[in-house]
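Report on the structure given below.
Letters go in sequence order (proteins before strands), and every chain restarts at 1. As the structure is a prediction and not an experimental result, all values here were calculated from the model.
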Amino acid sequence: MRINCPHCGTRDRREFTWSGADVALNRPAPDAGEAAWDDYVHLRENPAGASRELWYHDPCGTFALVERDTVTHLVGDAVLAEKVAR
Amino acid sequence: MGYSGLRVIWEGLRGQTGWKPMWRDPTPKAEYDVIIIGGGGHGLSTAYYLAKMHGITNVAVLEKGYLGGGNVGRNTTIVRANYFLPGNSEFYSHSLKLWEGLEADLNYNVMHSQRGLINLFHSDGQRDAFVRRGNAMINQGDDAVLLDREGVRKYLPYLDFDNVRFPIYGGLLHPRGGTARHDAVAWGYARGADSRGVDLIQNCEVTGIDIENGVVKGVQTTRGAIRAKKVAMVTAGRSGQVAALAGMRLPVESHVLQAFVTEGLKPVIDHVVSFGMGHFYISQSDKGGLVFGGDIDFYPSYAARGNLPMKEHVMDAAMTLMPMIGKAKVLRSWGGIMDMSPDGSPIIDRTHVDGLFVNYGWNYGGFKAVPASGYAYAHLIATGAPHETAAGFRLDRFRTGQGIIDEEGTGSQHNLH
Ligand SMILES: Cc1cc2nc3c(=O)[nH]c(=O)nc-3n(C[C@H](O)[C@H](O)[C@H](O)COP(=O)(O)OP(=O)(O)OC[C@H]3O[C@@H](n4cnc5c(N)ncnc54)[C@H](O)[C@@H]3O)c2cc1C
Ligand SMILES: [Zn+2]
């Protein structure tokens with residue numbers, strides 16, 4: 001598997017650490033309540049197919065939001081996680 | 001008719017003409033008392049114990065592929081009771097006891113072999129942790145023996161004891177640990193359930209779960225709608241998708257775990273052995289192949305095949321621990337889809353829907369759990385109350401934070417186990 005880093009281009013999977021589904025970008029407010037936090041920390045779509053997820057590129061220290069298919073392992077576009085509107 | 005040594009000889013004498021298929025191939029009825037979704041090890045053992053322990057036989061197991069085609073036929077077959085935390089300890093202890101009587105109970109040779117499991121340690125700190133684990137195992141009534149370096153050498157002379165980075169300090173021996181023939185476990189339970197009247201329905205994918213006013217009414221399948229008073233989900237790596245049919249989001253991620261097997265060799269590895277400084281464990285199958293594996297690939301996957309980095313890690317670790325393995329040729333590798341729960345421990349529970357039950361979260365260790373999981377799930381489905389050995393496996397423990405069973409001590413979060 002080769003993954004796209006928005007800064008560095010396509011690199012070997014070894015350079016990346018998988019860092020969670022895209023739900024990780026939707027951190028609730030501290031007082032949002034138990035259900036919202038349960039949703040964020042535990043509950044998952046866990047899709048079989050198209051997926052959006054965070055990969056950390058270890059060499060450049062970037063979190064990329066990457067499109068990947070969990071059935072075919074086909075990797076698509078990637079954007080900087082910090083640029084993603086929440 | 002039962003299986004026996006005499007029967008094998010008798011059939012040999014009359015040209016093997018008397019064997020019958022081990023289970024029927026029934027068409028689904030319009031309604032069942034209980035529908036079990038998923039014909040893996042856990043679904044089949046659940047059906048068996050529903051019939052055997054609770055006399056509930058109007059049961060169907062719906063399997064989207066063929067029986068035993070999922071993880072139950074893809075694992076590395078290790079059976080052990082070396083857990084540490086309350087919640088897990090009593091459950092796996094119960095499971096091992098069921099294993100020990102399984103072949104007689106099922107009248108089926110599952111090739112359960114208690115050849116002993118040795119977990120190696122490579123530092124003083126690791127030794128302390130294993131002493132603690134061993135004591136927990138003994139407290140639970142199971143067996144554990146601390147081996148020093150020379151003790152390990154007696155059993156496993158072929159290891160690289162003086163490896164510069166990871167010298168072997170000793171090992172924790174679990175004499176009752178071992179392996180079993182994975183397919184045979186699925187087949188044995190299938191035959192036992194079928195002979196008690198359970199319908200095993202293959203090529204039947206569940207595509208919908210019918211719920212009215214918070215009560216389960218049945219399922220939609222690729223072979224039509226089937227009504228049921230109770231529905232039990234137990235689909236391992238597919239648990240998230242099946243629960244979604246009931247409008248549920250589960251605390252689950254599906255990851256791929258790989259395994260490897262070499263060409264058949266003469267007996268060389270008599271135990272199950274695990275390395276303490278990398279992800280590698282190994283045993284030798286009765287056919288002679290060295291069966292080994294490591295950790296998950298650490299990204300979600302439904303591909304049932306893994307990537308090169310984990311393969312390399314496993315091979316590196318193997319060569320570090322037992323350089324002789326470099327002479328063996330790897331024949332095959334494959335992957336299975338693991339139902340990873342946040343704390344690494346399973347769930348056997350009711351759901352918010354009346355009559356709908358959930359069983360998943362077996363991570364990479366659910367083969368040894370097949371007997372006790374089916375036993376406990378059948379108890380829950382039949383009586384409505386959790387079985388005492390599985391009382392800790394509650395679904396709401398993640399939301400409430402109460403009763404987390406974090407066996408590895410890494411925290412109760414995804415992607416840490
Ligand atoms: C490589 C590898 C090594 C392992 N090693 C070990 C080990 O050494 N020891 C150990 O204890 N455990 C081990 N495990 C874990 C163990 O195999 C699993 O935890 C266990 O088999 C999961 O339960 P199961 O048998 O019920 O799953 P499965 O056999 O996967 O059963 C689930 C079934 O549900 C069916 N299904 C899914 N969706 C639907 C649907 N919509 N409708 C109908 N049916 C459906 C699937 O087709 C499948 O047959 C290993 C796993 C792997 C992959
Ligand atoms: Zn980069």
Side-chain angles (χ1 to χ4, degrees), chain A residues 1-5 10-28 30-59 63-76 78 81, chain B residues 64 205 235-245 247-256 295-313 316 335 337-343 347 352 360-361 395-402 404 411-416:
Chain A
M1 216 156 61
R2 290 174 67 78
I3 294 164
N4 293 332
C5 170
T10 306
R11 298 292 191 93
D12 190 279
R13 174 260 182 280
R14 288 174 186 77
E15 295 185 6
F16 294 83
T17 308
W18 190 77
S19 305
D22 58 352
V23 60
L25 294 175
N26 303 325
R27 190 185 176 87
D31 57 357
E34 198 177 78
W37 276 94
D38 186 36
D39 216 54
Y40 172 71
V41 180
H42 303 122
L43 305 185
R44 291 292 176 265
E45 252 6 280
N46 198 26
S51 162
R52 278 161 32 108
E53 52 195 16
L54 290 175
W55 288 82
Y56 181 73
H57 192 212
D58 301 292
F63 281 99
L65 185 67
V66 180
E67 290 174 5
R68 188 178 64 97
D69 190 302
T70 58
V71 176
T72 61
H73 291 170
L74 211 70
V75 180
Chain B
K64 80 171 171 160
E205 179 173 353
T235 52
R238 293 276 168 180
S239 296
Q241 269 91 41
V242 173
L245 301 175
M248 295 171 69
R249 261 156 65 92
L250 291 181
V252 68
E253 280 180 358
S254 294
H255 287 250
V256 58
D295 209 343
I296 55 173
D297 271 26
F298 278 105
Y299 52 83
S301 172
Y302 289 85
R305 65 168 188 280
N307 266 289
L308 199 54
M310 186 49 72
K311 288 186 174 64
E312 289 173 338
H313 174 95
D316 279 354
I337 308 166
M338 319 306 321
D339 36 330
M340 306 298 291
S341 67
D343 64 357
I347 289 92
H352 69 289
Y360 81 96
L395 180 57
D396 69 359
R397 67 178 183 268
F398 306 105
R399 182 171 50 79
T400 63
Q402 283 170 18
I404 296 289
S412 176
Q413 267 186 51
H414 290 294
N415 208 31
L416 298 179

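Distance check: B/Asn307 CG to A/Arg2 CZ gives 12.0 Å after rounding to the nearest 0.5 Å. Atom OH of A/Tyr40 and atom CG of A/Leu25 lie 8.0 Å apart (nearest 0.5 Å). The OG atom of B/Ser412 sits 4.5 Å away from atom NE2 of A/His42, with the distance rounded to the nearest 0.5 Å. Atom CZ of B/Arg238 and atom CG of B/Asp339 lie 12.0 Å apart (nearest 0.5 Å). For the atom pair CD (B/Glu253) and CD1 (B/Ile337), the distance works out to 14.0 Å, reported to the nearest 0.5 Å. In this structure, B/Thr235 OG1 and B/Gln241 CD are separated by 8.0 Å, a value rounded to the nearest 0.5 Å.
Top candidate by heavy-atom pairs under 4.5 Å with chain A, chosen from B/Ser301, B/Gly240, B/Gly237, is B/Ser301. Between chain A and the residues B/Ala303, B/Pro300, B/Pro342, the largest count of heavy-atom pairs under 4.5 Å involves B/Pro300. Of the listed residues B/Pro309, B/Ala243, B/Ala244, the one with more heavy-atom pairs under 4.5 angstrom with chain A than any other is B/Pro309. Options A/Ser51, A/Ala35, A/Pro47 differ in how many heavy-atom pairs under 4.5 Å they form with chain B, and the most are formed by A/Pro47.
Contact of A/Glu53 with chain B is made through the side chain alone, with heavy-atom distances under 4.5 Å. In this structure, chain B has heavy atoms under 4.5 Å from both the backbone and the side chain of A/Asn46. For chain A, the nearby part of B/His255 is the side chain; its heavy atoms alone come within less than 4.5 Å. Residue A/Asp69 does not touch chain B at all, counting heavy-atom pairs closer than 4.5 Å. No part of A/Trp37 comes within reach of chain B, as not one of its non-hydrogen atoms sits under 4.5 angstrom from that chain. Proximity to chain B is limited to the side chain of A/Arg13, based on heavy atoms less than 4.5 angstrom apart.
In this structure, B/Ile347 and B/Ser341 approach most closely via the heavy-atom pair CD1-CB, 4.2 Å. Here the closest non-hydrogen pair linking B/Asp343 and B/Arg397 is OD2-NE, 2.8 Å.
A distance-only check finds a donor-acceptor pair linking the side chain of A/Asn4 to the backbone of A/Gly76 [under 3.5 Å]. A side-chain donor-acceptor contact under 3.5 Å links A/Thr70 to the backbone of A/Gly49.
With B/Met340 as reference, B/Ile296 is the one residue of B/Leu416, B/Val252, B/Ile296 to meet the side chain to side chain contact (heavy atoms under 4.5 Å, CB included) rule.
For residues 16-24 of chain A, the interface with chain B (any heavy-atom pair closer than 4.5 Å) comprises A/Trp18, sorted by residue number.
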